[in-house]
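Everything below concerns the one structure shown next.
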Amino acid sequence: MKLSNLAKRMIVAILIVTLVCLIGSVVYYRSLGFFPFLLGLVLGSGVSIAKVILLERAVDKALSMDKERAGTYVSIHHLFRLLLTGIALFIGAVVPQISLWGAAAGIFAYQVALYTSNFQLNETKH
């Protein structure tokens, strides 16, 4: 599957935010106590990267559909991505070996990547 440049930039931004959070957790814990946070971070970041890929595929497919079906298709995919986020947060909350804070940080990496990508696009337009 070929990803657009925007999707690639978002994935790189998610990985950078993940790395920054990981370094912060290592500095904070200064022991192997950061490991549950790492597992949560991997879970949340994996979901964020999956959301980027799913969004790219949904938009590509919706562009080839008629208007009414495309709206329904994109709405269903939006709910699916939201459900995926909820499942990751639920796993982070229920499984004791996975930090909920790490999962939340990984999931918020998507929003940070979206903001930075939007900021970069606006900079290139001006």
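Residue numbers count from 1 along this sequence.
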Mind checking the [atom1]-[atom2] spacing from [X] to [Y]? Nearest 0.5 Å is all I need.
X	Y	atom1	atom2	result
Leu38	Cys21	CG	SG	11.5 Å
Ile16	Leu19	CD1	CG	8.0 Å
Arg57	Ile53	CZ	CD1	9.0 Å
Leu100	Phe90	CG	CZ	11.5 Å
Ile11	Lys51	CD1	NZ	13.0 Å
Trp101	Phe37	CH2	CZ	10.0 Å

Heavy-atom pair of closest approach, residues Met10 and Ala113: O-CB, 3.5 Å
Taking all non-hydrogen atoms of both residues, which atom of Leu3 and which atom of Lys8 are closest, and how far apart? O-CE, 3.4 Å
Under 4.5 Å between side-chain heavy atoms, hopping through other hydrophobics if needed: is there a path connecting Leu41 to Phe34? yes
Shared ILVMFWY cluster between Val52 and Leu79, side chains joined below 4.5 angstrom? no
Flag, side chain of [X] to backbone of [Y], donor-acceptor distance under 3.5 Å:
X	Y	result
Ser45	Val42	no
Ser25	Leu22	yes
Glu56	Ser4	yes

Are any of the side-chain heavy atoms of Val17 and Thr116 separated by less than 4.5 Å? no
Can you tell me how the ring of Tyr73 sits relative to the ring of His77, calling it parallel under 30°, perpendicular over 60° and tilted otherwise? tilted
Would the number of heavy atoms belonging to other residues, nucleotides or ligands and lying under 6.0 Å from CG of Leu32 be above 12? no
If you count every heavy atom of other residues, nucleotides or ligands that lies below 6.0 Å from Phe108 atom CZ, does the total exceed 12? no
With respect to Val47, which candidate in Ile87, Leu89, Leu84 satisfies the side-chain contact (heavy atoms from CB on, under 4.5 Å) definition? Leu84
